[in-house]
Amino acid sequence: MVRVRYAPSPTGSPHVGNIRTALFNFLLARKEGGKFIVRIEDTDRARAVEGALEDILESLRWLGIEWDEGPEVGGPHAPYFQSERLSTYREIADDLIAKGKAYRCFCTPEELEKMREYQRINKLPTGYNRRCRERDPSEAESLIAAGTPFVVRLAMPLDGKIAFSDSIRGRVEYDAALIDDQVLLKADGWPTYHLANVVDDHREEITHVIRGEEWISSTPKHIVLYDALGWTPPIFVHVPVIKGPDGSKLSKRHGDTRCLDYREKGYLGAAVANYIALIGWSPGGDREVMSLEEMQDAFSLHGLQPSPGVFDITKLQWMNGVHLRNLSPDELYDSVKAFHETSQDEEYIKKPCHRSFLKGLQDREYATRALVLEQERVKLLSDFCEACEFFFVNEVSIDPDAAAKWFGQPHAKSLYEFLLSELSGRNAISVEDCDALIGKAVQQLGLEKRAQAIHPTRVALTGKTFGPGLFELMSLLGSSRMSARLNRAIELTGPR
RNA sequence: GCCCCGGUCGUCUAGCGGUUAGGACAUCGCCCUUUCACGGCGAAGGUCGCGGGUUCGAAUCCCGUCCGGGGUACCA
């Protein structure tokens, strides 16, 4: 059975590149009917960040990634926090020392720094000089007895090659002599990533390690560790990094890179998942727009690519629009409402429409119809606020250019007056009725084209020159709202 | 410096020895149309990083080279 894991370190809110590896793991598990495990690698106490764990879980949930074992859900290998399993790592480190596969190192950080500086200056390969590896056992005993702090290092082979197979890249080979005697246990008794990761992957019976490319060069250390412990290594899959527009690894200086930033901006989890999956993975052929379920069915390790990809926000926006249009009216309403109520995005919150929108959203039926009318012309959930504003406010703000162009038309005032009189006493009005009404106005005023009535009416009712079909919007607005706006428009057209 | 991994239109990619190198986003036209979008059609954009081989034939295999990225921590 396939067992894969996402093993983040709670040192910050996960960014899109990081969460994408979680997605790949999840997709493989679902495709193969296996298990997806979340394990928190909280072994770096100095870099721990408050709230990071919540953001990790929230990011996964937002994208629709569910875990079979891990925080909150537990599982047969609980606890899924490395900080709660410290004794295991220490026991294994001791075992490794006893077998001669690891050794205690008493070198201080200062000494190591000096050594590295010497190596740099003399253009030698950097790395630990293995001074403590040859230390006399009795000498080590007395240092321990004296309370001298030490770390535990892995005793790497001194020669030969270390090779492994990567699902994406094939055979990868390293010269053992060039690889450092990695620290396994820090002086404070906590394990490093390398030890804890290998131990847990084995303990949790992980079959495929799908992780970022930045780990490829530490894989030979892991191979040696597996070997020293007498364990069979999993299958390694190193996925390429995601780059910013400048070609370097995506990071904070490229702007929004936190996964949850995109939720704040009005993107759909399904769209973000779809988009990031396509950087470095292809289902083959021309398929692009896919739901999470479709990706699960289509996923294969063979579709993974070795080369890094650039994050293209423009394409994400397009894709978000596509996913937005696929939403049913109810889903649309729920998504917009949830977004509006939770987004803390400053740019969004300070929009003038922000307040009226919340009020407008209270009338579910009316609001849903308004959202549906705008559904095919927006890209983000955050776009609805402005796009639908005219449906909800008492007084629409009128674009000055539009006013100048259409209120000044000679027939504008009489058009509005005619519509107003036709509307008086009416209550509900259908789309067909609105169509007929405009037709009647055209005839009554002797206009040549329907557009001559349509455009000025649109500006009077919405304040804008663009938007949904006029008859649909009129029907939804209803006669009383229309009447108020027509009255105001008549005032604005001034004396005849 | 040393080690490793990459390299197909601006971007994401299909391709797995024989294709007019296909698709998508973005760009530009046209159509649809009451506007804006959506949708449809079309255009432009690639000497498959470069140079050598292997082969009847190479984007696909091999070597070299250049460029890019990653690693080189008591961080993950």
Side-chain angles (χ1 to χ4, degrees), chain A residues 7-12 18 41-44 46-47 105 107-109 112-113 116 119-128 149-153 166 168-169 172-175 178-180 182-194 196-197 211-220 238 240-241 243 245 247-249 275 278-289 302-303 305-319 321-322 325 374-379 387 402 435 438 449-455 457-459 462 464-471:
Chain A
S9 161
T11 53
N18 184 276
E41 308 217 322
D42 50 352
T43 56
D44 186 350
R47 291 203 311 150
C105 169
C107 298
T108 64
L112 294 172
E113 185 43 50
R116 273 192 286 269
Q119 289 167 337
R120 269 196 298 275
I121 290 167
N122 293 283
K123 304 219 185 275
L124 297 163
T126 52
Y128 179 55
F150 63 86
V151 301
V152 176
R153 286 181 185 273
D166 180 280
I168 302 179
R169 296 150 216 279
V172 181
E173 193 179 77
Y174 285 80
D175 244 325
L178 264 14
I179 303 170
D180 232 0
Q182 186 58 234
V183 172
L184 263 20
L185 214 59
K186 305 176 208 174
D188 61 5
W190 285 56
T192 60
Y193 168 88
H194 305 280
N197 184 267
R211 76 220 307 192
E213 193 186 357
E214 66 269 25
W215 291 109
I216 200 165
S217 49
S218 38
T219 305
H238 290 97
V241 298
K243 302 189 293 183
S248 68
K249 192 172 157 186
Y275 177 70
L278 260 22
I279 305 176
W281 175 68
S282 164
D286 297 338
R287 288 236 276 162
E288 281 203 322
V289 177
H302 299 294
Q305 243 220 324
S307 55
V310 173
F311 191 88
D312 180 9
I313 190 76
T314 312
K315 185 152 185 178
L316 205 211
Q317 278 171 7
W318 163 79
M319 189 166 272
V322 176
R325 267 170 253 130
E374 288 290 355
Q375 189 170 16
E376 68 184 26
R377 67 203 90 236
V378 302
K379 289 193 155 55
D435 194 338
I438 291 294
K449 290 192 257 180
R450 277 156 52 98
Q452 290 175 288
I454 286 170
H455 294 309
T457 305
R458 173 186 296 284
V459 174
T462 72
K464 299 185 288 194
T465 56
F466 54 88
L470 182 66
F471 313 134

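These figures come from a predicted structure and were not determined experimentally. Naming convention: chains lettered A, B, ... in sequence-line order (proteins, then strands); numbering from 1 in each chain.
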Q: Report which part of the nucleic acid R287(A) touches: base, sugar-phosphate, or nothing (heavy-atom distance under 4.0 Å, all strands).
A: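 Nothing: the residue R287(A), judged by heavy atoms under 4.0 Å, touches no strand.
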Q: Considering only NZ, NE, NH1 and NH2 on the basic side and carboxylate oxygens on the acidic side, decide whether R120(A) and E113(A) come within less than 4.0 Å.
A: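 So R120(A) pairs with E113(A) through a salt bridge.
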Q: Under 4.0 Å, heavy atoms only, any strand: does S282(A) hit a base, just the sugar-phosphate, or nothing?
A: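 It contacts sugar-phosphate atoms only.
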Q: Which part of the nucleic acid does P109(A) contact within heavy-atom distance under 4.0 Å: base, sugar-phosphate only, or nothing?
A: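 Base, at least one base atom sits under 4.0 Å.
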Q: Measure up the Y275(A) and F311(A) rings against each other and bin them: parallel (under 30°), tilted (30 to 60°), perpendicular (over 60°).
A: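 Rings of Y275(A) and F311(A): perpendicular, as their planes differ by over 60°.
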Q: OP1, OP2 of rC36(B) versus side-chain N and O of K379(A): anything below 4.0 Å?
A: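 Negative; the distance criterion is not met.
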Q: Is any side-chain nitrogen or oxygen of S217(A) closer than 4.0 Å to OP1 or OP2 of rC5(B)?
A: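 S217(A) to rC5(B) OP1/OP2: no side-chain N or O under 4.0 Å.
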Q: Can you list the residues that meet the side-chain contact (heavy atoms from CB on, under 4.5 Å) rule with A453(A), with sequence neighbours excluded?
A: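 L415(A), I438(A), V442(A), L447(A).
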Q: At 4.0 Å (heavy atoms only), tell me whether E288(A) reaches a base, stays on the sugar-phosphate, or touches nothing.
A: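 The answer is base, as E288(A) lies within the cut-off (heavy atoms under 4.0 Å) of a base atom.
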Q: Has the side chain of T219(A) got a donor or acceptor atom that lies under 3.5 Å from a matching backbone atom of W215(A)?
A: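 Present.
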Q: Which nucleotide in the set rA76(B), rA37(B), rC25(B) lies at the smallest distance from any side-chain heavy atom of E376(A)?
A: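 Nearest to the side chain of E376(A) among the choices is rA37(B).
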Q: Nearest to the side chain of R116(A) - rA76(B), rC36(B), rA73(B)?
A: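 Of the candidates, rA73(B) comes closest.
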Q: Output the rounded distance in Å from CD1 (I216(A)) to P (rC3(B)).
A: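 Distance, rounded to whole Å: 16 Å.
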